[in-house]
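Only one structure is covered here, and it is reproduced in the block below.
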Amino acid sequence: MNDEQLLRYSRHILLPELGVEGQEAISASRVLIVGAGGLGSPASMYLAAAGVGEIVLCDGDTVDLSNLQRQILHVADSIGQNKAASGKECLARVNPLTQVRAVESRLDELALASLVQDVDLVLDCTDNFATRHAINRVCVAACKPLVSGAAVRFDGQVSVFDLREPGKPCYHCLFPEGEDVAEMRCAVTGIFAPLTGIVGSMQAAEALKLLAGCGEPLVGRLLVLDGLAMRWREMRYAQDPHCTVCGSPA
């Protein structure tokens with residue numbers, strides 16, 4: 001790292017768990033963030049500020065006035081602009097040393113698989129089960145770690161799925177696809193603005209730990225937040241041996 005980088009990331013380098021080696025690993029990494037909304041906003045801003053080498057930011061939606069209550073990547077002048085493009089402009093101001101690629105379209109599974117192959121880690125910052133399961137399938141196939149978050153109303157959750165170590169669970173083990181699970185979206189049910197900041201920031205923290213190889217990631221553990229009571233619960237889960245994505249039948 002040059003003098004500017006040493007100064008910019010000095011507070012990370014001072015941490016013995018990170019040090020120069022951990023920061024260099026972060027700066028050499030490539031991260032895919034799917035979703036540039038409520039969760040993708042704080043997650044991408046912290047990853048850029050922390051010096052991730054390249055961020056691939058994907059979102060096919062455009063900025064709407066109702067987004068500005070919580071999606072802090074975007075401002076009033078961004079209304080009508082694609083969220084990935086708007087996010088790229090914001091992240092360039094956060095840290096010009098981080099390269100940002102904006103993917104301004106909705107991704108099918110084939111396109112996701114192509115992007116996942118070229119990154120070190122994936123953040124799922126989306127808001128629907130179909131996309132989450134598609135992201136999980138391509139991450140399992142490519143053996144890439146996945147940091148997943150969700151937030152709606154006053155409730156949030158975050159977990160990590162990392163199948164680089166055999167026997168670890170995937171997203172499908174925790175939330176099997178096809179089960180009768182009620183899907184709630186903030187456009188219909190509402191969302192407490194700071195909740196997305198809390199969950200998205202935790203996704204960034206887990207991503208940085210994985211990239212730097214420090215700490216204990218949230219693998220096999222689901223953190224659930226009740227934002228009204230500001231109370232966290234931890235739920236442990238294991239691989240489903242019959243999982244059709246990562247288990248024996250797969």
Under 3.5 Å: donor-acceptor pair, side chain of [X], backbone of [Y]:
X: Gln5; Y: Asn2; answer: yes
X: Ser29; Y: Val52; answer: no
X: Asn67; Y: Asp64; answer: yes
X: Ser201; Y: Ile198; answer: no
X: Glu109; Y: Arg137; answer: no
X: Thr62; Y: Gly80; answer: no
X: His12; Y: Gly51; answer: no
X: Glu4; Y: Leu97; answer: no
X: Thr196; Y: Ala193; answer: yes

Fill in: Residues Val119, Val31; criterion side chain to side chain contact (heavy atoms under 4.5 Å, CB included); working and verdict
CA-CA 5 Å; Val119 300; Val31 172; 5.9 Å; no
Any chance the side chains of [X] and [Y] put a donor and an acceptor closer than 3.5 Å?
X: Ser86; Y: Ser78; result: yes
X: Ser159; Y: Tyr237; result: yes
X: Lys144; Y: Gln117; result: no
X: Gln81; Y: Glu89; result: yes
X: His172; Y: Glu177; result: no

Response to the item:
Exactly one of Val140, Leu210, Asn136 clears side-chain contact (heavy atoms from CB on, under 4.5 Å) with Leu146, and that residue is Asn136
Discussion item. Leu68 vs Ile79, test: side chain to side chain contact (heavy atoms under 4.5 Å, CB included). Steps then yes/no.
Written reply: CA-CA 9 Å; Leu68 303 185; Ile79 293 174; 4.1 Å; yes
More than 12 foreign heavy atoms under 6.0 Å from [atom1] of [X]: is that the case here?
X: Asp108; atom1: CG; result: yes
X: Met1; atom1: CE; result: yes
X: Arg101; atom1: CZ; result: no
X: Glu234; atom1: CD; result: yes

On a heavy-atom basis, which atom in [X] and which in [Y] lie closest, and how many Å separate them?
X: Asn82; Y: Glu104; value: OD1-CG, 3.2 Å
X: Cys125; Y: Ala43; value: SG-CB, 4.4 Å
X: Val116; Y: Ala142; value: CG1-CB, 3.8 Å
X: Pro96; Y: Arg8; value: CD-NH2, 3.9 Å
X: Arg70; Y: Ile191; value: CD-CG2, 3.4 Å
X: Ala36; Y: Gln71; value: O-OE1, 4.2 Å

Nearest-0.5 Å distance that lies between atom [atom1] in [X] and atom [atom2] in [Y]:
X: Ile26; Y: Lys209; atom1: CD1; atom2: NZ; value: 12.0 Å
X: Arg106; Y: Asp61; atom1: CZ; atom2: CG; value: 4.5 Å
X: Cys246; Y: Asp240; atom1: SG; atom2: CG; value: 7.5 Å
X: Ile33; Y: Leu47; atom1: CD1; atom2: CG; value: 5.0 Å
X: Asp59; Y: Leu57; atom1: CG; atom2: CG; value: 7.0 Å
X: Met202; Y: Tyr46; atom1: CE; atom2: OH; value: 13.0 Å

Hydrophobic cluster membership, [X] vs [Y], 4.5 Å side-chain cutoff:
X: Leu195; Y: Leu223; value: yes
X: Leu107; Y: Leu110; value: no
X: Leu7; Y: Leu18; value: no
X: Val63; Y: Leu39; value: no
X: Leu208; Y: Val20; value: no

Worksheet item: Hey, are Asp226 and Arg233 close enough for a salt bridge, meaning a charged N less than 4.0 Å from a carboxylate O?
Response: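 Judged by the 4.0 Å cut-off on N to carboxylate O distance, Asp226 and Arg233 do not form a salt bridge.
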Side-chain touch [X]/[Y], heavy atoms, less than 4.5 angstrom:
X: Arg153; Y: Leu228; result: no
X: Val56; Y: Cys58; result: yes
X: Arg164; Y: Pro145; result: yes
X: Leu123; Y: Val34; result: no
X: Gln157; Y: Leu225; result: no
X: Ser44; Y: Leu91; result: yes
X: Val147; Y: Gln203; result: yes
X: Leu174; Y: Pro169; result: no

Practice prompt. Check step by step if side chain to side chain contact (heavy atoms under 4.5 Å, CB included) holds for Phe161 and Ser148.
Written response: CA-CA 8 Å; Phe161 308 95; Ser148 177; 3.6 Å; yes
Practice prompt. Specify whether Phe129 and Phe175 have parallel, tilted or perpendicular ring planes, treating 30° as the upper limit for parallel and 60° as the lower limit for perpendicular.
Written response: tilted
Practice prompt. Quick one: do Val224 and Met235 satisfy side chain to side chain contact (heavy atoms under 4.5 Å, CB included)? Show the steps, please.
Written response: CA-CA 8 Å; Val224 180; Met235 302 169 58; 4.0 Å; yes
Practice prompt. For the pair Arg132 and Asp127, evaluate salt bridge (charged side-chain N to carboxylate O under 4.0 Å, His left out) and give the outcome as yes or no after the intermediate values.
Written response: CA-CA 8 Å; Arg132 289 173 185 157; Asp127 65 353; over 6 Å; no
